[in-house]
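Heads up: the structure comes next, in structure tokens.
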Amino acid sequence: MAKWVYTFGDGQAEGASAMRDLLGGKGANLAEMASLGLPVPPGFTITTEVCTYYYAHGRSYPEDLVAQVQAALEHVARLTGRRFGDPRNPLLVSVRSGARASMPGMMDTVLNLGLNDETVNALAKAADPRFAYDSYRRFIQMYGNVVLGVDHHEFEAILEIEREKRGVGQDTDLTAEDWKLVVERYKALVEELLERPFPQDPEDQLWGAIGAVFGSWMNNRAIAYRQLHDIPADWGTAVNVQAMVFGNMGETSATGVAFTRNPATGAKELYGEFLVNAQGEDVVAGIRTPQDLTERARIEAGSEAPSLEAAMPEAFAEFRTIAERLEAHYRDMQDLEFTIERGKLWMLQTRSGKRTAKASLKIAVDMAAEGLITEREAVMRIDAAALDQLLHPTLDPQAARNVVARGLPASPGAATGEIVFTPEEAAARNKDGRAVILVRAETSPEDIHGMIAARGILTSRGGMTSHAAVVARGMGKPCVSGAGSVKIDHRAGTMSIGGRVWREGEVITIDGGTGEVMEGRVAMLQPEMTGEFATLMGWADGVRRLGIRANADTPNDARAAREFGAEGIGLCRTEHMFFESDRIIAVREMILANSTEGRRAALDKILPMQRQDFVELFTIMRGLPVTIRLLDPPLHEFLPKTDEEIGEVAIVMGVDPALLRERAMALTETNPMLGYRGCRLLLTFPEITEMQTRAILEAAAEAARRTGEPVIPEIMVPLIGMRSELDRMKATIDKTAAAVAQDLGQAVEYTVGTMIELPRAALRAQEIAEAADFFSFGTNDLTQTTYGISRDDAASFLGVYQEMGLIEKDPFITLDTEGVGILMRVGANEGRKAKPDLKLGLCGEHGGDPASIKFCEAIGLDYVSCSPYRVPIARLAAAQAALAMNESGAAGPSTA
Ligand code: ADP
Ligand code: MG
Ligand code: MG
């Protein structure tokens, strides 16, 4: 008989944290905490396999599930001394979803299940009536919403009326009689909308809730979240049924959430919030302003409301001990949920806590120093892509600013943008390339697309653990939450702060590190890479095998590249050197000249400028390798188009403008991306190759003289498809180099290689390698030529393809290992057949993408080259790829 249900409680559990796939994260950790002897309300987990079964069998359950659930309920009844539906001593439970990966806010929990018109009396007698009816109305609202599909605004409207009638601001001010009335209204509402009474039988309630959890696995929010986070649909969710404990039993009860370390900064301090006389998600819902857990945090925040440490010292002390124990047990920062019922502490959840990139670095480095984890584990723990957050600007402390409001520093980093009040407007303006700040009272999962589109998020309600704060931290977006002085008027589409009204589109700046909201734009500073960042990067550099270079065309790029730790330049494009206004006329002159002499004369004007560019670049790079790509863009980009441009060139060349126009027309192409460019252009105008080779080699000699470090330039030929092309190119380069050596009176060193960016080049890599010193996979063009689409055009339909489910990821961002990757593997292996130590690199945007870097490690490339700002990400991703390869036992480059 298959086992569908696993129990936990009273120091024992059938599950364990290792059984996450089967029990979901929440269930596995509840079991683990129970086994550790921690105070966990007893309960049971219905496995993810039941979810899979449910969807494979037309939304029905395995036959023996009912019996197993009944047996588990009996078990819980024995441990709690309460029975489901017992009018004197009723068992109440929560029904909670829990997938393998945590999906915050995606599936809702039902609390206080088991309450009905009869059992509520028992609760009133055992505790007090106010508590009983408060619990009952919560249950009807949650169950009504999650299971029966009644919009929660309907419930809130009723509550609002009652509050107003009694003139009270907070729910805690309502009396037992008030709640009793609210319960009656709620039940009437449900009956009116659904044309049947609210279910009174606890068994019916339970199965309704279980069905709703499984059903919610396929709701739109859950599907969208899974897509965003690459979670497969067939993982399924588990259902946790757990005896209720009550944080809303009066002044000695409370509920709260905590992190074992500060999730924003990583500081080693217990960090969290709680509310007295509250239940479930009151703390994160932003209904009341939560209190700090520790005295230290309270004092820091300048808050008057007592901390848990002061208010309930015994429960707090026990909680702190448990928090420390769980962190040591899981060897990671934990995110905890707890409830105190009449002074007694209960643990309701533990999981690895989400944190900012800054915190994740600090925590990993600190934990390695504490001996809790190894340096290698520390390296593996950091999400390389999330480092991006740290490479973003912060506010310049010197800059003038006008702070108009303050909230909580919910997610660090600064952002400037136009105010928008709806996620739709955020998405629309973002599409137009405008920076926006999303301003909301508080956010909910429906706002996710707006949060993705916004540069930053500002909320007027909610604490550090509110939805906005948690999601923003996960996304690496600046967020200020709970800025109470911001009053949003949705109908008018404005917000007011103090006396001033702000309209949609006005610009503000937020600082998620301090909680400040400022008028207009404020100057920002580039980040510094010291402290934990430097330490962890050092560890990463110690284990990575791949070299990391940067794509850098200008001296500024080159300096940034060095600062970020690049070990050379993997791609220096020379196009821009031709487009500058003082050069372009000479370039046009060269192209439109109809004789070699004419071309040489024009190029002679460009040579000194080009040489100077390279001298600067080589000087900055001080002997590090620099790969320079010869001129690549399509010919047509250089052609004069307007009458004015044609006139300018005509004067310089002393020819008739009409003649020039004709010549320019003749050279126009319909599909320049696949046209007269790269080596095709260079082979027909060898004077360009000669000029560029001379500029590079003379500059290398000059820079070597200046810095005392020898420079060995790597000359890279673009768009090679055939070996014959490379042979011819190399002959021109070698001949020029010999002439330069003669002129300089010294030997010149250089290497000649090619980009592999055409499928033919990859397939014929063996013979091409015979003529090349190195290959660099130009994966931008290789993706374009493999797919037969230009990157710019792809943008318009890839999104549609993704929506249609035809393609998962944008192949221009994450290397398509099944198409482009196969060509790369073939190219690398064929190339190495000709030259076993052929140097292999990748240049292209994929060089900064962790998943693509992993693939480069697997096929044994020597280096990747990416944009300077992504160099740290690439260094870390390369280290992680190397460690993962070691672990999987794969030795060295694959030869498959
Ligand atoms: P989420 O996945 O959104 O965190 P949870 O299942 O953890 O949802 O539950 C939502 C809230 O209800 C949390 O605050 C949790 O601590 C609380 N809760 C869940 N089960 C119980 C219970 N048995 N007794 C008291 N509170 C509970
Ligand atoms: Mg929730
Ligand atoms: Mg939870």
Side-chain angles (χ1 to χ4, degrees), residues 8-9 23-30 33-34 38-46 73 76 79-80 82 84 90-115 123 131 134-135 138-139 141-143 145-146 206 209-210 212-213 216-217 221-222 225 237-249 253-259 272-275 277-287 290 319 334-342 344-354 444-445 463 465-467 470-471 474:
F8 57 82
L23 303 178
K26 200 178 284 168
N29 287 338
L30 283 169
M33 284 200 292
L38 302 184
V40 176
F44 56 89
T45 304
I46 303 172
L73 273 174
V76 176
L79 293 182
T80 57
R82 299 174 205 278
F84 221 33
L91 170 66
L92 302 188
V93 296
S94 64
V95 178
R96 322 168 66 183
S97 62
R100 272 192 228 182
S102 110
M103 293 175 55
M106 289 296 131
M107 283 173 284
D108 292 320
T109 296
V110 176
L111 301 178
N112 310 327
L113 188 142
L115 274 175
L123 220 59
F131 153 73
D134 176 38
S135 302
R138 286 172 189 268
F139 170 55
Q141 173 159 358
M142 278 184 268
Y143 196 90
N145 178 238
V146 177
L206 179 64
I210 292 170
V213 172
S216 73
W217 180 250
R221 286 191 309 179
Y225 187 91
T237 180
V239 182
N240 300 291
V241 178
Q242 187 177 25
M244 282 301 301
V245 288
F246 299 99
N248 55 337
M249 266 197 192
S253 300
T255 185
V257 295
F259 294 89
E273 295 171 328
F274 77 104
L275 279 175
N277 199 9
Q279 188 176 52
E281 301 205 304
D282 290 2
V283 177
V284 295
I287 294 164
F319 180 69
Q334 296 294 296
D335 170 354
L336 307 167
E337 291 176 6
F338 65 92
T339 281
I340 296 166
E341 179 182 311
R342 291 184 163 162
K344 160 106 180 90
L345 173 72
W346 293 96
M347 296 303 298
L348 291 169
Q349 191 166 339
T350 188
R351 62 181 160 199
S352 284
K354 289 206 190 315
S444 73
T465 47
S466 64
H467 180 267
V470 172
V471 173

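All values derive from a computational prediction rather than experimental measurement. No hydrogens, no waters, no symmetry mates; every other heavy atom, side chains included, goes into these values. Quick note: residue numbers are just sequence positions, from 1. All ligand and atom numbering here is 1-based and tracks the order in the structure.
Qualifying side-chain hydrogen bond (donor to acceptor under 3.5 Å, both in side chains) partners for T339, counting only residues two or more places apart in sequence or in other chains: T255.
Distances between N or O atoms of R351 and those of ligand 1 include no value under 3.5 Å. Note: no N/O pair closer than 3.5 Å links T339 and ligand 1 by distance alone. Checking only distances, R96 does come within under 3.5 Å of ligand 1, N or O to N or O.
Remark: distances from the non-hydrogen atoms of P41 to ligand 1 are all 4.0 Å or more. Contact analysis leaves Q279 out of contact with ligand 1, as no non-hydrogen atom separation drops below 4.0 angstrom.
At a cut-off of 3.5 Å, with distance as the only test, a side-chain donor of S135 or N248 sits close to an acceptor on the other residue. With 3.5 Å as the limit, one finds a donor-acceptor pair spanning the side chains of N112 and Q279.
With hydrogens and angles ignored, the 3.5 Å screen pairs no side-chain donor or acceptor of E337 with any backbone N or O of Q349. Side-chain atoms of S253 come within 3.5 Å of backbone N or O of R342 as a donor-acceptor pair.
At a heavy-atom distance under 4.0 Å, atoms from both the backbone and the side chain of M244 approach ligand 1.
Here T109 does not reach the Mg ion (ligand 3): none of its N/O/S atoms is less than 2.8 Å from the metal.
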